[in-house]
Enquirer: 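Next up is a structure, given as structure tokens.
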Amino acid sequence: MQPTPPQPAGPTHAAAAPRRHPWIIGAALAAALAAALVLGRPHRGLAPEGEPARAGAAPAHVKPLTAQVREFEGSYAEAVAPTGVVREVALEAAPATLPLLDGRPLEVWAYNGQVPGPTIRVRRGDTLRVTFTNRLPQPTTVHWHGVRVPNAMDGVPGVTQPAVPPGGTFVYEFVPRDAGTFWFHPHLRSSEQVERGLYGVLIVEDPEPTPYSRDIAWVLDDWRIREGAIDPRFNTPHDLMHDGRWGNVITVNGSTDERLAVQPGERIRLRLLNAANGRVFAPDFSGLDARVIAVDGLYAARPLDPAGFELAPGNRIDLDITVPASTAGRQIGVIDRFTRRPNALASIDVSQGAAVQTPVFPSPATAHVPAWRDTDSIAPRSEYVLAARRGGELGIEWTLNGAAARHAHDIEAASGDGHAHEIAALPRGAFSKLRFVNDSGRLHPIHLHGMFFKVLSRDGRPADEPFFRDTVLVHPREAVDIGVVPLDEGRWMLHCHILEHAEAGMMSLLDVKAM
Ligand code: C2O
Ligand code: CU
């Protein structure tokens, strides 16, 4: 085992800003932002009271902004015709001892006795029926991260369902409407349950899958190992004050030495998921011909250079990789460059010999994504100030507009009706802008359930992201505007995907309804 030394004081992230790639934010803008970060200047101009509603801005009760909605149309389907095929999966969460990390036995919590859990593959339009059994010593739920499910299938305890008690079962059933890379994980005490190994990949295939030589998922995670075991101290003050729990061992698919054996010439679809509690990865694929074709499940408008992409907790990217003939016989290391000290993630081992014929087909990254360029004058429907304070059950609370959600730590609380959460209304089928103003020096990957959104701007400057997301990393002191057209009614969570921050209160609800 090659443990990675603990990251002193979290990774943050003087290092984060300069690393951003031009297609995420213009280089000049990045430099300006870096300067702002160095000066530590809070963006007061973006505080709620500093944002007068301008002429043309829509007050909350007025009808949908049809130009944005028109531009949105065709992005992803409101409904999909079910194929009638029902895919039945039995999923059980239970303690297990598995040869993980460097191969020595490790006590974990696992779905179906494996970490990562079983990769569930289903075709778009098929019905997925998962009969879940809880064999953990704690209540739990299963959340289908990124999937547009009916609200009752979203797995949020106390909001969409009561928690599943030890020994209990729950049947999750839905028809995935989007092809892409998704994942599932508990939504109760997740800073402990996900950290102990409960996560798995859900791959929704296109009706006619693209003929890649192979289709592989890499689940990135880190573990805090102490004396050969998962450190049982969760939600420590240190982790709460920083960017959550950053481990000292990094794994891909549970292994510190993941190797993908390929032949020169192969064309691979590689799906990356960051399942870590807090760590952000910036995977470097140099030496390979790699393009990002999908982000957080959905295809991008065009293939993108992966350099500098920040894969925050919850994020996925799908890569279209061609193994160049010139790499025959080489071992190509994939390196995480988010922190100042690079971390080896995995190796792509290219066999000797002549190249196989590279499959030729147009990259599937050709989705319709609205530009939503002229949205500056639209006032945010909701604005969230992200901050911390002392107090609460854990000693530190992470707040959204001064409110900390009380975490449901037991079945009683978890079977309540969601009163622990603030609720903001969002009109179904209309364009809304949401603003996140980070008034802290930490990272906050903000995740929305039940919808995809697009980043409109960072610190007031237009972002050039030709793709939707379900999770956006908000950097220290940064303000991020997103645009969204929610299609499904229900109460959907909005929360930080640094799981310790969520546990400490950084959770809220969006109530999507006809308005
Ligand atoms: Cu991946 Cu609300 O979570
Ligand atoms: Cu956070």
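Because only heavy atoms are used, hydrogens play no part in the values below, and waters and symmetry mates are left out as well, while side chains stay in. Note that ligands are numbered from 1 as they come in the structure, with each ligand's atoms numbered from 1 the same way.
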Enquirer: Just checking, any donor-acceptor pair under 3.5 angstrom between side chains of T140 and N134?
Expert: no
Enquirer: Rounded to 10 degrees, what angle sits at atom 2 (Cu) of ligand 1 between H495 NE2 and H449 NE2?
Expert: 110°
Enquirer: Just checking, any donor-acceptor pair under 3.5 angstrom between side chains of Y299 and D206?
Expert: yes
Enquirer: Look only at the side chain of R442 and the backbone of H475, and say whether a donor-acceptor pair between them is shorter than 3.5 Å.
Expert: no
Enquirer: Report yes if the distance between the aromatic ring centroids of F468 and Y76 is under 6.0 Å, otherwise no.
Expert: yes
Enquirer: Does any donor atom in the side chain of H501 or H242 lie under 3.5 Å from an acceptor atom in the other side chain?
Expert: no
Enquirer: Determine which pairs satisfy salt bridge (Lys or Arg N to Asp or Glu O under 4.0 Å) with at least one residue from residues 159-177, sequence neighbours left out, and list them in order.
Expert: R129-E173, R177-D488
Enquirer: Do E192 and R233 meet the salt-bridge criterion of a basic N to acidic O distance under 4.0 Å?
Expert: no
Enquirer: Identify which protein N/O/S atoms are less than 2.8 Å from atom 1 (Cu) of ligand 1.
Expert: H145 ND1, H185 NE2, H497 NE2
Enquirer: Using 2.8 Å as the cut-off, note every protein N, O or S atom close to the Cu ion (ligand 2).
Expert: H444 ND1, C496 SG, H501 ND1
Enquirer: I'd like to check the salt bridge (Lys or Arg N to Asp or Glu O under 4.0 Å) partners of D239; sequence neighbours left out, ordered by chain and number.
Expert: R224
Enquirer: Count the heavy atoms of every other residue, nucleotide or ligand shown that sit under 6.0 Å from CD of E107, and state whether that count exceeds 12.
Expert: no
